[in-house]
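Read the structure below first, then the notes.
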Amino acid sequence: MTKTPAEIELMAESGRLLASVFTWLDGLPLAGMNTLEINDRVEAFITHDLAARPASKGQYGYGFVLNVSPNQVVCHGVPSRDDVLKDGDIVNLDITLEKNGFIADSSKTYLIGQVASPARRLVETTYQAMWKGIRAVRPGATLGDVGHAIERHATRRGYSIVRDFCGHGIGREMHEAPQVLHFGRPGAGLTLREGMVFTIEPMLNQGRRTIRTEDDGWTVVTADGKLSAQFEHTVAVTRDGVRVLTLRPDERRLNA
């Protein structure tokens, strides 16, 4: 489950490139775009501008480069010409990128136009919860410590955490050991050690944590129709803490 320093540097390059995809997306006028158009633009940017590979396309039979999950969609939303983003929406864009044989994975929930306060608060809390988990990562800590930090922050603010999906180890393969739960008990679970690389990607719901999968076999939605949000980073355990391999330039000042 551990990577060598040289492998982590290769993963950091994949992460840097993936972070640049989100920086580029930040400048797009997403309102009024259909989600397939966003998918196609991201594919062109990754393949042509970055000379990299969108790692999700073709994996498990999936035909697109990203998941687009608006509003009540929890995860795995499928791009479509019929789904047009509009003012007031929230939407998670989940993207993977492979370069030099190593994969990085990250996601961000975007606010489209003027978003109502309850939705904005959900998104802000989800982002904060991810960082609570990231800051719990260090050698000698446990995955239970990470999950507990996320769960405590979310539940104190009245949100539920989706338990059916979790973070995961990552490297040459998209999904490697270990599984990284976003809930847990302090001191429980696998002990972290230098060189481990995995994702932290909590999904928070406004209502109950219960979910269901739609007929397309991919799209997962909240069972009660309430909003869901997610953020994700790929992180490496360092000698004395954690390194966020997919950190975006706009986050460096906020999380210095």
Side-chain angles (χ1 to χ4, degrees), residues 1-23 55-56 75 92-109 126-154 161 165-184 186 188-204 229-256:
M1 280 189 282
T2 59
K3 308 293 189 293
T4 68
E7 288 173 328
I8 289 177
E9 288 310 313
L10 289 173
M11 293 201 69
E13 174 61 9
S14 297
R16 184 188 69 80
L17 293 176
L18 182 52
S20 76
V21 178
F22 286 98
T23 300
S56 296
C75 61
N92 179 266
L93 302 180
D94 190 345
I95 309 171
T96 61
L97 181 149
E98 182 266 325
K99 183 76 172 181
N100 298 317
F102 286 92
I103 299 171
D105 190 358
S106 186
S107 83
K108 176 179 178 178
T109 297
T126 306
Y127 184 70
Q128 294 163 0
M130 176 190 67
W131 276 101
K132 292 289 185 181
I134 290 172
R135 292 188 176 109
V137 174
R138 63 184 184 281
T142 69
L143 288 178
D145 296 334
V146 175
H148 177 73
I150 294 168
E151 182 180 25
R152 179 174 58 183
H153 187 76
I161 293 179
F165 298 95
C166 61
H168 51 86
I170 189 169
R172 292 190 180 274
E173 301 294 332
M174 177 87 71
H175 297 109
E176 300 179 352
Q179 291 189 334
V180 181
L181 304 181
H182 303 118
F183 58 94
L190 184 72
T191 299
L192 303 181
R193 58 183 185 271
E194 182 181 359
M196 288 182 172
V197 181
F198 50 84
T199 70
I200 296 176
E201 48 183 296
M203 306 168 196
L204 271 60
Q230 181 188 21
F231 283 88
E232 175 184 13
H233 272 312
T234 297
V235 305
V237 184
T238 64
R239 179 177 302 176
D240 56 2
V242 61
R243 179 182 180 186
V244 182
L245 302 182
T246 49
L247 189 71
R248 300 184 295 275
D250 63 295
E251 296 178 296
R252 290 172 187 158
R253 177 180 56 82
L254 295 173
N255 298 286

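Only heavy atoms go into these numbers, but all of them, side chains included; no hydrogens, no water, no symmetry mates. These numbers come from a predicted model, not from an experiment.
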(message) Quick one, Arg172 and Phe102 - any side-chain contact, counting heavy atoms below 4.5 Å?
(response) yes

(message) Distance alone, cut at 3.5 Å: any donor-acceptor contact between the side chains of Thr96 and Asp105?
(response) no

(message) Contact between Met130 and Tyr127 at the side-chain level, heavy atoms closer than 4.5 Å - yes or no?
(response) yes

(message) I'd like to check the ring pair (Phe, Tyr, Trp, His ring centres under 6.0 Å) partners of Phe165; sequence neighbours left out, ordered by chain and number.
(response) His76

(request) State, yes or no, whether a side-chain contact exists between Ile134 and Val244 at a heavy-atom distance under 4.5 Å. (result) yes

(request) First locate atom SG of Cys75, then atom CD of Gln230, and finally report the distance between them rounded to the nearest 0.5 Å. (result) 6.5 Å

(message) Going by salt bridge (Lys or Arg N to Asp or Glu O under 4.0 Å), name the pairs with one or both residues in residues 94-104, residues two or more places apart or in two chains.
(response) Arg53-Glu98

(message) Do Asp250 and Phe22 have side chains that approach each other closer than 4.5 Å (heavy atoms only, starting at C-beta)?
(response) no

(message) Which residues pass the side-chain contact (heavy atoms from CB on, under 4.5 Å) test with Ile161, not counting sequence neighbours?
(response) Ile150, Glu151, Ala154, His182, Leu204

(request) Mark yes or no for whether Glu194, through its side chain, and Pro139, through its backbone, hold a donor-acceptor pair below 3.5 Å. (result) no

(request) Identify the heavy atoms of Glu176 and Lys3 that sit nearest to each other, and give their distance. (result) OE1-NZ, 3.1 Å

(request) Look at the side chain of Thr142 and the backbone N and O of Ala188, then say whether any donor-acceptor pair between them is shorter than 3.5 Å. (result) yes

(message) Salt bridge check, Glu251 against Lys108: does any charged N sit closer than 4.0 Å to a carboxylate O?
(response) no

(request) Considering non-hydrogen atoms only, spot the tightest contact between His153 and Ala129 and give its length. (result) CD2-N, 3.7 Å

(message) To check you understand the geometry: which heavy-atom pair defines the closest contact between Thr23 and Pro249, and what is its length?
(response) OG1-CD, 3.5 Å

(request) Working to the nearest 0.5 Å, report the span between OG of Ser20 and CG of Leu97. (result) 7.5 Å

(request) For residues Ile200 and Val137, report the shortest heavy-atom separation together with the two atoms involved. (result) CD1-CG2, 3.9 Å

(request) Compare every heavy atom of His233 with every heavy atom of Ser106, then report the nearest pair and how far apart it is. (result) OG-ND1, 3.7 Å

(message) Just verifying a value: how many Å separate Thr199 OG1 and Met174 CE, rounded to the nearest 0.5 Å?
(response) 10.0 Å

(message) I want to check something: taking the side chain as every heavy atom from C-beta on, are Arg193 and Thr191 in contact at a cut-off of under 4.5 Å?
(response) no

(message) Among Asn92, Leu93, Thr246, which residue satisfies the side chain to side chain contact (heavy atoms under 4.5 Å, CB included) criterion with Ser107?
(response) Asn92

(message) Contact between Leu192 and Asp145 at the side-chain level, heavy atoms closer than 4.5 Å - yes or no?
(response) no

(request) Look only at the side chain of Glu173 and the backbone of Gly169, and say whether a donor-acceptor pair between them is shorter than 3.5 Å. (result) no

(request) Mind running side-chain contact (heavy atoms from CB on, under 4.5 Å) on Ile8 and Arg243 for me, showing each step along the way? (result) CA-CA 10 Å; Ile8 289 177; Arg243 179 182 180 186; 4.1 Å; yes

(request) Decide yes or no for Met196 and Thr2: does some side-chain heavy atom of the first lie under 4.5 Å from some side-chain heavy atom of the second? (result) yes

(request) Check Arg16 against Glu13 and note the closest heavy-atom contact, atom names and distance. (result) NH2-OE2, 2.8 Å

(request) Check whether any side-chain heavy atom of Val235 sits under 4.5 Å from a side-chain heavy atom of Phe198, and report yes or no. (result) yes

(request) Look at the side chain of Thr234 and the backbone N and O of Leu245, then say whether any donor-acceptor pair between them is shorter than 3.5 Å. (result) no

